[in-house]
**Q** 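Please find one structure pasted underneath; my questions will follow.
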Amino acid sequence: MSLKRGFQIKSTPQQVVIIGAGFGGLNAAKALANSPEFNVLIIDKTNHHLFQPLLYQVATAALSPGDIAMPIREIFRKCDNVKTLMATVNSINRAEKVVILENQQKIAYDYLIVAPGSRHSYFGKDQWESFAPGLKTLQDALHIREMILASFELAERSNDQTLIDKLLSFVIIGAGPTGIEMAGAISEIAHQSLKKNFRSIDPSKTKIYLIEGGSQILNAYPQKLAAYAQHDLEKKRVTVLLNTRVTEVTPEGVGIGSEFIYAHNVIWAAGNTAPSLLNTLDTACDKQGRVLVDSDLSLPVDENVFVIGDSACYQEKGHVLPAIAPVAVQQGRFVGKIIRKKLTKNNRSTFHYVDRGMMANIGKFDALVLSGPLQSSGVFAWFAWCFVHIYFLIGFRTKLFVFIQWIFYFFRGQRNVRLIERPVDLIEKE
Ligand SMILES: Cc1cc2nc3c(=O)[nH]c(=O)nc-3n(C[C@H](O)[C@H](O)[C@H](O)COP(=O)(O)OP(=O)(O)OC[C@H]3O[C@@H](n4cnc5c(N)ncnc54)[C@H](O)[C@@H]3O)c2cc1C
């Protein structure tokens, strides 16, 4: 506001707090970066943005953690108005307009963007988690990588055939994109990468079971593409069990009704639920705990609090938008713009998701692409999958490193990150 010529009163920047630097939070922050009217504070419990779509490649020893994770501070190093705090938000107090950290520190906000993603759902059987870890964080991926690789080592030194069979059996629960990517990759480890590596065991005797409760794998895909993917997985010697409900998970393996599959490795890829932090918003949620947001992605009860990405339940054309990265990215940008323009609720437009399609990788030179009327599978789809994933990775170094690693991985079958960091005796005792 100009008072006299030459004098200006600068208004104090408004404080925007963003919980979570995933696809949603990161893109909201980018939309507000270098906008001096706002101080942006990103709070994340990790110090990095994680490219979850390639997490399964860390879990299966094809990529290193650093290839798919970028320090948040580095991303915003040139944006003076963006600050990063590595901390866990425990609760949100809307009445006081503060978020409360694990150490009870309170942080005030004018605008709040809640983007903490989702976590695994064990459908009320949380005790299964310790025997069937899921894949969400880098820590999860490194744990699963260790489990997979250590199984072959433990089998090599055993004389007990029953134990060897159990160590070389892998069960993946849930045949969505993550489930099929894990199954395809484990098959490639057993049948290609570890070929000629062992002297006592034969890794090609590995058994891989992919269990799905529904009547087709990849239930979001058309039946024809799903059938193609199933056929290819079966060619890779993955046993696909459809219409199969898991009734028990124990350290010995997985119960499916009256049958039991003995397996040392069980991986959970079956479902998501919202983080409990959302309960503290004190607003309506759906059955999965996701927050029901208005058409501008703000809360019906608070126009300055937005929920985006996997944590939000947003309906368009009668369907809830899926928990995928492009939805979170577009919602982050949309909310960032609303705040930047300081729009009040009545002046905000409605969020529309632009659906550019879906992709899933079945293995080397084999993927599915679904984009509008285009349905593609095989080598062409695989090249498209590689291009899109490299394109969306953050940073030139990361793109280059992943590209180089993929040349060795896809063309020579080499998985360069076959590291077990702890003594195998310690792993055996767990
Ligand atoms: C293994 C896997 C594979 C996937 N593959 C694909 C794919 O191929 N294509 C696709 O489109 N989508 C894929 N997705 C889904 C996609 O990654 C998510 O939809 C997307 O990441 C959601 O973005 P988000 O911003 O809502 O949450 P996220 O990206 O999950 O980010 C949430 C952030 O919040 C932080 N956080 C959580 N709680 C707190 C707290 N209390 N305090 C502070 N920080 C917190 C987390 O550390 C994290 O950084 C995949 C997901 C997984 C797990």
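Each ligand, and each atom within it, is numbered from 1 in the order the structure gives. Fair warning: this is a prediction, and the values are worked out from it, not measured in the lab. These numbers come from the heavy atoms of this one structure, side chains and all, not from hydrogens, waters or symmetry mates.
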**Q** Assess the pair Y314 and Y353: is the distance between their ring centroids shorter than 6.0 Å?
**A** no

**Q** Starting from atom 47 (O) of ligand 1, locate the nearest protein heavy atom and write down its residue, its atom name and how far away it is, to 0.1 Å.
**A** D44 OD1, 2.7 Å

**Q** Give me the residue, atom name and distance of the protein heavy atom closest to atom 9 (N) of ligand 1.
**A** P53 CG, 4.0 Å

**Q** Out of curiosity, is A87 lining ligand 1, as in a heavy atom under 4.0 Å away?
**A** yes

**Q** Are W382 and W406 an aromatic pair, judged by ring center distance below 6.0 Å?
**A** no

**Q** Any idea which protein heavy atom is nearest atom 28 (P) of ligand 1, and the distance to it?
**A** G22 CA, 3.8 Å

**Q** Decide whether the shortest distance between a heavy atom of A115 and an atom of ligand 1 is less than 4.0 Å.
**A** yes

**Q** Without hydrogens or angle criteria, can the side chains of K166 and S151 be said to hold a donor-acceptor pair below 3.5 Å?
**A** no

**Q** What residue and heavy atom of the protein are closest to atom 20 (C) of ligand 1, and at what distance?
**A** F23 CD1, 3.6 Å

**Q** Does the pair E421/R145 count as a salt bridge with the N-to-O cut at 4.0 Å?
**A** yes

**Q** Considering heavy atoms of the protein only, find what lies nearest to atom 22 (C) of ligand 1 and give residue, atom and distance to 0.1 Å.
**A** D310 OD1, 3.2 Å

**Q** How far is atom 36 (N) of ligand 1 from its nearest protein heavy atom, and which residue and atom name does that atom have?
**A** K45 CE, 3.9 Å

**Q** Establish, for the pair K342 and F38, whether the NZ or CZ atom is under 6.0 angstrom from the six-membered ring centre and no further than 45 degrees off its axis.
**A** yes

**Q** Considering only the protein, which heavy-atom contact is closest to atom 53 (C) of ligand 1, and what is its distance?
**A** L135 O, 3.3 Å

**Q** For atom 27 (O) of ligand 1, grab the closest protein heavy atom and report residue, atom and distance to one decimal in Å.
**A** G117 CA, 3.2 Å

**Q** Where does the angle between the aromatic ring planes of W268 and Y122 fall among parallel (under 30°), tilted (30 to 60°) and perpendicular (over 60°)?
**A** parallel

**Q** Quick check: F334 with H352 (ring centres under 6.0 Å apart)?
**A** no

**Q** Please tell me if atom 12 (N) of ligand 1 is touched by the protein, where touching means a protein heavy-atom distance below 4.0 Å.
**A** yes

**Q** With a 4.0 Å cut-off on heavy atoms, is P275 touching ligand 1?
**A** no

